[in-house]
Q: 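Take a look at the following structure, please.
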Amino acid sequence: MPKVTVHRKAHFNSAHRLYRKEWADEKNSQVFGKCNNPYYHGHNYELIVSVKGEIDPETGFVMDLSILRGLIKSEIEDYFDHKNLNIELEEFKDLNPTAENISVVIYNKLREKISQDLELSIKLYETPRNFVTYSGE
Ligand code: NI
């Protein structure tokens with residue numbers, strides 16, 4: 001059967017701060033810029049989850065998008081939305097909540113819920129122009 005990729009868009013708002021506590025304030029500010037604000041700040045994250053696989057001959061689906069929608073809601077949106085990532089999410093206690101690291105956390109959370117026969121990839125926009133992709137490499 002042909003392999004097709006299905007996509008689902010999602011959205012969440014989160015606050016974060018990028019810094020390394022062992023670095024001086026000046027270096028933190030230099031490296032992380034506005035994202036180093038000690039009082040935190042928010043981003044409107046736009047997420048695209050992509051699932052690639054063979055079309056199921058019975059259903060005509062690669063993956064039922066209503067199931068994917070539910071997974072993204074319960075595993076990602078409910079978990080990330082309106083949270084302070086540094087303070088409230090265990091994953092970022094010792095990990096900078098950059099778009100790169102957030103995309104890996106999202107991937108890992110979804111990967112365990114989606115059939116291993118399907119390829120998963122994540123596209124995460126931190127701003128309309130800055131985005132990252134991750135597919136488990
Ligand atoms: Ni930021």
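Whatever order the structure lists them in is the order used to number ligands and atoms, beginning at 1.
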Q: Which N/O/S atom belongs to His16 and is the closest one to the Ni ion (ligand 1)?
A: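 Considering only N, O and S atoms, His16 comes nearest to the Ni ion (ligand 1) through NE2.
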Q: Restricting to N, O or S atoms, which atom of His43 is closest to the Ni ion (ligand 1)?
A: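 Atom name of the closest N, O or S in His43: NE2.
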Q: As a quick check of understanding, evaluate side chain to side chain contact (heavy atoms under 4.5 Å, CB included) for Lys109 and Tyr79, giving each step before the final call.
A: CA-CA 10 Å; Lys109 287 176 76 66; Tyr79 191 66; 3.7 Å; yes
Q: Does Asn108 form a side chain to side chain contact (heavy atoms under 4.5 Å, CB included) with Val105? I'd like the steps, not just the answer.
A: CA-CA 5 Å; Asn108 289 338; Val105 169; 6.0 Å; no
Q: Side chains of Asn13 and His11: any donor to acceptor distance under 3.5 Å?
A: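 There is such a pair (donor and acceptor under 3.5 Å, judged by atom type) between the side chains of His11 and Asn13.
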Q: What N/O/S atom of His41 gets nearest to the Ni ion (ligand 1)?
A: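 The closest N, O or S atom of His41 to the Ni ion (ligand 1) is NE2.
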Q: Just say parallel, tilted or perpendicular for the rings of Trp23 and Phe32, cut-offs at 30° and 60°.
A: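 Parallel.
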